[in-house]
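The chain is numbered in sequence order, starting from 1.
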Amino acid sequence: MTPFTYARAADPASALAAASAGARYLGGGTNLVDLMRETIERPAALVDVTSLSAEITETAEGGVLIGAAARNTAIAEHRLIRTRYPALSRAIVAGASPQIRNMATAAGNLLQRTRCAYFYDDEGSACNKRRPGQGCDAIDGFHRMHAILGASDDCIATHPSDMCVPLAALDAIVHLHGRDGERTLPLTGFHRLPGDRPDIETELRPGELITAIELPASPLAARSTYRKVRDRASYAFALVSVAAALEVEDGRVKDVRLALGGVAHKPWRAEKAEAALRGQPANHAAFLAAADAELADARPLRDNGFKVELARRTIAAVLGELAGEVA
Ligand code: SF4
């Protein structure tokens, strides 16, 4: 590990000042410290931001504001999250292990980096995300876990977060504080597709600090869920995951939210499927047709073509569960 300095920020202003001087923000450290041990990341200075807001509070509009330093376990177990946004609670519990969830923070979850094995192999593999222009050994390598949507010729990595998938489905808003003041971004616009710069993963400006994640009020969200398909029953990343919320009226889909994990460089909001489903009968055939509308853009590689059918069936199964279909 490369030597580094460590300091704790008492407030956002001191965190921003440290970042301006070149420090990296440290949350629970459950990803960044791993990357530092592997020398993929080599920050010279860390500023610990875990003493900033970890509160989970109701907003005046009836939504919920999650402080950036809130631990994943606290979010998953919070009454407001379990009752109003159950998909988020389920997604967090489906991720990592209890020990990691006890440490990991809300903001850190958004900033996780891919678990592509070639990205971690600094000595032996080419990776455009580590070194732009170097090449991507995953494309002709072992890419069973990699992206089927939104990938590029430069990177086919997936985003590893479970938590971000329901956040994308439920229209979460990311609150930011930077040297130009405060601003917000929709979660769906926070992460980037790889394009020709897979090393740039978010729309964060230099030194910008995530201060909170807001979930807007949504009656639909109370009828949301999350399903993760993976190789092992626990402590495994998603092959495919689905976050969905559904409102059915007189047997037809009145409204729907849908997002996919494990399939792209960012949490994938399935807007084509949503558009295809609104007004349609709430039945298995319509759910499959909506999945097909989204997955028509899939570009699978040699080893990950199974994800297309897996995503299709998982979307239909999750929507069927929400519609009360008997499987
Ligand atoms: Fe690197 Fe992306 Fe290729 Fe993986 S898929 S080796 S992260 S460029």
Side-chain angles (χ1 to χ4, degrees), residues 86-88 90-91 94 143-151 156-172 187-188 191 193 218 220-221 223-231 236-327:
L88 178 57
R90 290 194 181 118
H143 49 236
R144 177 175 173 273
M145 297 291 291
H146 286 70
I148 55 171
L149 288 163
I156 57 170
T158 54
H159 195 266
S161 171
D162 289 293
M163 176 176 147
C164 287
V165 184
L167 292 179
L170 301 176
D171 301 309
L187 188 283
T188 50
H191 299 96
L193 290 175
S218 164
L220 192 65
R223 285 189 47 76
S224 66
T225 194
Y226 181 75
R227 189 178 298 190
K228 177 178 182 178
V229 184
R230 48 187 157 173
D231 285 327
F237 292 97
L239 295 166
V240 166
S241 68
V242 174
L246 185 70
E247 183 180 1
V248 177
E249 193 173 84
D250 298 328
R252 290 189 173 267
V253 174
K254 187 176 177 195
D255 205 358
V256 60
R257 301 282 185 281
L258 192 66
L260 308 176
V263 296
H265 198 256
K266 58 185 284 186
W268 190 266
R269 178 72 179 261
E271 289 176 336
K272 290 180 182 170
E274 291 178 3
L277 206 48
R278 287 194 183 96
Q280 296 301 309
N283 61 31
H284 190 66
F287 299 151
L288 283 176
D292 288 339
E294 193 68 44
L295 295 165
D297 294 331
R299 298 287 176 270
L301 297 161
R302 185 195 61 225
D303 299 332
N304 65 358
F306 74 96
K307 283 193 177 188
V308 179
E309 185 62 21
L310 187 60
R312 180 175 183 263
R313 294 186 191 199
T314 309
I315 290 168
V318 168
L319 292 171
E321 177 189 326
L322 289 170
E325 280 188 344
V326 178

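Of all the heavy atoms in Ala91 and Tyr226, the pair that sits closest is CA-CD2, 3.3 Å. The two residues Arg269 and Leu258 come nearest to each other via the heavy atoms CD-O, 3.4 Å. The nearest pair of heavy atoms linking Gly261 to Val165 is CA-CG2, 3.6 Å. Heavy-atom minimum distance, Ala147 versus Asn304: O-ND2, 3.1 Å. Contact record, Ala276 with Ala293: CB-CB, 4.0 Å, taken as the closest heavy-atom pair. When all heavy atoms of Pro86 and Ala221 are compared, the pair lying nearest together is CD-O, 3.3 Å.
By the 6.0 Å contact criterion, CG on Asp297 is enclosed, its count of non-hydrogen atoms from other residues, nucleotides or ligands being greater than 12. For Arg230, the CZ atom counts as densely surrounded, since its 6.0 Å shell holds more than 12 non-hydrogen atoms of other residues, nucleotides or ligands.
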As a quick check of understanding, evaluate side-chain contact (heavy atoms from CB on, under 4.5 Å) for Leu319 and Leu277, giving each step before the final call. CA-CA 10 Å; Leu319 292 171; Leu277 206 48; 3.6 Å; yes

Before giving the answer on side-chain contact (heavy atoms from CB on, under 4.5 Å), spell out for Trp268 and Leu193 the whole-Å C-alpha distance, their side-chain angles and the decisive distance to 0.1 Å. CA-CA 10 Å; Trp268 190 266; Leu193 290 175; 4.0 Å; yes

Going through the distances and angles, do Ser224 and Leu170 end up as a side-chain contact (heavy atoms from CB on, under 4.5 Å)? CA-CA 9 Å; Ser224 66; Leu170 301 176; 4.3 Å; yes

Would you please test Leu260 and Leu149 for side-chain contact (heavy atoms from CB on, under 4.5 Å) and show each step? CA-CA 10 Å; Leu260 308 176; Leu149 288 163; 4.3 Å; yes

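Within the 4.5 Å cutoff, no side-chain heavy atoms of Val253 are placed close to those of Glu247. Using a 4.5 Å heavy-atom cutoff, the side chains of His143 and Thr158 are not in contact. Taking the side chain as every heavy atom from C-beta outward, Pro267 and Leu187 approach each other to under 4.5 Å. Between His265 and His191 there is no side-chain heavy-atom pair separated by less than 4.5 Å. Annotation: side chain of Arg312 is in contact with side chain of Asp292 (closest heavy-atom distance under 4.5 Å).
Between atom CG of residue Asp171 and atom OG1 of residue Thr188 there is a gap of 7.0 Å, rounded to the nearest 0.5 Å. Rounding to the nearest 0.5 angstrom, the gap separating the NZ atom in Lys307 from the CG atom in Leu295 is 12.0 Å. Here CD of Glu294 is found 6.5 Å from NZ of Lys272. Values are rounded to the nearest 0.5 Å. The distance from atom CG of Leu220 to atom CZ of Arg257, rounded to the nearest 0.5 Å, is 5.5 Å. Distance check: Thr225 OG1 to Leu88 CG gives 11.5 Å after rounding to the nearest 0.5 Å. Distance CZ/Arg278 to CG/Asp255: 5.0 Å, rounded to 0.5 Å.
Judged by distance alone, with hydrogens and angles left aside, the side-chain atoms of Lys228 form a donor-acceptor pair with the main-chain N or O of Ala94 at under 3.5 Å.
Neither side chain, Thr314 nor Arg227, offers a donor N or O lying under 3.5 Å from an acceptor on the other.
Under the side-chain contact (heavy atoms from CB on, under 4.5 Å) criterion, Leu239 pairs with Arg144, Met145, Asp231, Phe306, Leu310, sequence neighbours left out.
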